[in-house]
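Keep in mind that this is a model prediction, so the values were computed, not measured. We count ligands from 1, going down the list as the structure has it; atoms in each ligand are counted the same way.
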Amino acid sequence: MADNIKYIFVTGGVTSSLGKGIISASLAKLLQLRGYRVTIQKLDPYINVDPGTLNPYEHGECFVTEDGAETDLDLGHYERFLNVPTSQANNVTTGRIYQSVIDKERRGEYLGKTVQIIPHITDEIKRCIQILGSKSEFDFVITEIGGTVGDIESLPYIEAVRQLMWEKEEDCIVIHLTLIPYLTAAGELKTKPTQHSVKTLLENGVQPDILVCRTEHELSAQLRNKIAKFCNVTPNAVIQSIDAETIYDVPVLMSEEKLDEVVLEKLNVKNKKKIDLRKWQDFLTRYKNPKGKVRIALVGKYVELKDSYKSIAESFIHAGAANEVAVEIIWTHSEDINPRTVEEKLGGLDGILVAPGFGSRGIDGKLDAIRFARESGIPFFGICLGMQMATVEFARNVMNLPDANSTEMKEYAQNPVISLMAEQKTVVNKGGTMRLGSYPCKIKKDSKAFAAYQSELVHERHRHRFEFNNDYIAAFEKAGMICTGINPDNQLVEIIEVKNHPYFVASQFHPEYKSTVLNPHPLFVSFVKAAVKYSQKK
Ligand code: GLN
């Protein structure tokens with residue numbers, strides 16, 4: 001590999017939702033499978049400092065990194081594909097860029113200059129792009145620019161890319177992801193939107209090197225040549241990205257289209273390393289040839305927008321493949337569950353997962369779902385709010401504490417079995433102030449958690465303000481709910497299990513953030529395994 005770090009920018013044209021994140025992650029995977037060290041970064045043009053304060057309906061799930069950054073869900077794809085953790089540096093928003101520039105201005109660092117979008121904002125964007133490159137941990141930095149070219153808010157990012165292309169001509173390329181729509185009435189694929197989108201980039205001084213064309217139909221050689229000619233790219237740099245059965249097919253499809261080879265060629269990388277796709281193919285084979293199927297309810301209040309639970313859904317794919325079964329998620333709105341409907345909604349399923357969340361909407365439905373799982377012996381897995389509600393349900397219905405609650409739902413609850421952490425009591429700002437990121441957890445032997453992890457110490461990621469109230473530990477354990485995971489530094493309860501139940505496990509942390517194709521998460525694997533066992537007994 002050459003000494004210089006190579007920068008690959010991925011921009012989007014024509015429309016949003018073309019899957020820049022998946023293309024970026026797939027290219028990164030192919031380069032990684034050739035033995036290169038790769039990282040991916042997402043630049044988001046919105047003004048929020050991070051997506052932590054965004055409602056999931058706005059932007060899907062908020063993904064949390066090891067270092068506690070609340071980030072865009074695309075970082076989840078990066079980690080699931082690459083099996084390498086990301087960090088705050090991998091996600092930058094316009095809000096963060098402006099915040100940093102304004103802080104510098106307040107400190108007088110601009111020495112009396114007028115602070116402007118060009119050069120100050122663009123310099124800050126360039127700095128954020130190059131931070132990852134400066135670590136010399138990577139051979140390639142792939143930077144995905146959020147939004148679509150032509151958006152007003154994307155302009156400073158495109159300008160920063162233009163400048164970097166100029167400064168580091170040898171070491172940068174731009175991949176433009178675009179759409180080739182099919183007009184049924186005309187029976188034709190149309191290239192004009194792509195031509196216009198490239199023209200918009202050119203107006204901003206950026207000539208893409210490679211075009212990745214999303215399409216529902218095969219692109220003919222003739223059509224590829226036409227796109228190449230009108231967009232100033234070589235014909236081999238017109239890459240077809242046809243709709244795939246699963247996102248995990250995309251690296252294979254991109255390899256067949258030689259996207260990684262063209263990238264190495266354009267970046268003048270000599271002595272190209274060979275690719276080894278075997279492990280990835282193994283996973284795909286297991287995923288696509290299940291030997292059985294389980295049906296698991298995902299109970300949450302944002303189920304209309306499945307992106308709200310992206311990492312959970314993907315974790316089920318990884319855990320399903322590990323168990324060689326297909327996991328069908330039964331998306332279940334917590335507001336649709338009540339004592340009258342619970343049997344009809346959840347009876348007959350092989351597992352019930354109660355999802356993370358905030359606030360009291362849909363809480364009663366979650367409690368009914370948990371009670372049903374506990375009493376009927378259906379495997380149960382609760383995550384974060386799901387764990388907190390499992391605690392409340394157990395206190396109310398097993399320990400005879402009808403007024404048990406989380407203080408998130410009732411501030412002055414008589415029996416606050418879930419309550420605010422001491423350090424949270426003085427917190428005023430909402431952004432970035434939860435308990436965030438990776439913390440250790442000690443696992444008790446002789447527990448389902450230990451059977452799953454096969455380890456006494458694990459590290460898992462958190463995102464919450466409320467906690468199990470340790471004043472109640474003894475009472476819970478006496479009644480049959482055991483705390484099997486404890487933070488060794490501050491004794492916070494991280495995992496609970498119900499003793500006399502085939503599988504009732506809930507965690508305060510979010511295991512879904514750490515499940516990857518190559519490392520399916522042990523708690524998901526064991527939950528799916530329990531669901532398989534339950535389905536066979538039924
Ligand atoms: N609302 C709960 C808390 O803040 C749970 C958060 C979550 O599920 N991520 O503690």
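- Using a cut-off of 4.0 Å between Lys/Arg side-chain N and Asp/Glu carboxylate O, E335 and R361 are scored as salt-bridged.
- Residue contacts with ligand 1, taken as heavy atom pairs separated by less than 4.0 Å, involve H510 solely via side-chain atoms from C-beta onward.
- For ligand 1 and R463, the ligand atoms under 4.0 Å from any heavy atom of the residue are 6 (C), 7 (C), 9 (N).
- Exactly one residue among Y453, F527, F509, Y513 makes a ring-ring contact (aromatic ring centres under 6.0 Å, His included) with H521. That residue is Y453.
- Of the options S360, G359, G357, the smallest heavy-atom separation from atom 8 (O) of ligand 1 is shown by G357.
- With a 4.0 Å heavy-atom cut-off, ligand 1 is reached by the side chain of E408 but not by its N, CA, C or O.
- Of the protein's non-hydrogen atoms, F466 N, 2.8 Å is the one closest to atom 10 (O) of ligand 1.
- A salt bridge is absent between E460 and R435; no separation between the charged side-chain nitrogens and carboxylate oxygens falls under 4.0 Å.
- Of the protein's non-hydrogen atoms, R465 N, 2.9 Å is the one closest to atom 4 (O) of ligand 1.
- Residues passing the side chain to side chain contact (heavy atoms under 4.5 Å, CB included) test with A28 are V38, I40, L82, I142, sequence neighbours excluded.
- Residues meeting the side chain to side chain contact (heavy atoms under 4.5 Å, CB included) test with A475, sequence neighbours left out: M399.
- With ligand atoms numbered from 1 in the order given, ligand 1 contributes 3 (C), 4 (O), 6 (C), 10 (O) to contacts under 4.0 Å with heavy atoms of H464.
- At a 4.0 Å cut-off, at least one heavy atom of Q388 sits close enough to ligand 1 to count as contact.
- Ligand 1 places these atoms under 4.0 Å from at least one heavy atom of C384: 5 (C), 6 (C), 7 (C), 8 (O), 9 (N).
- A salt bridge links D243 to R214: one of the charged nitrogens lies within less than 4.0 Å of a carboxylate oxygen.
- K42 has a carboxylate O that lies under 4.0 Å from a charged side-chain N of D72, or vice versa, which qualifies the two as a salt bridge.
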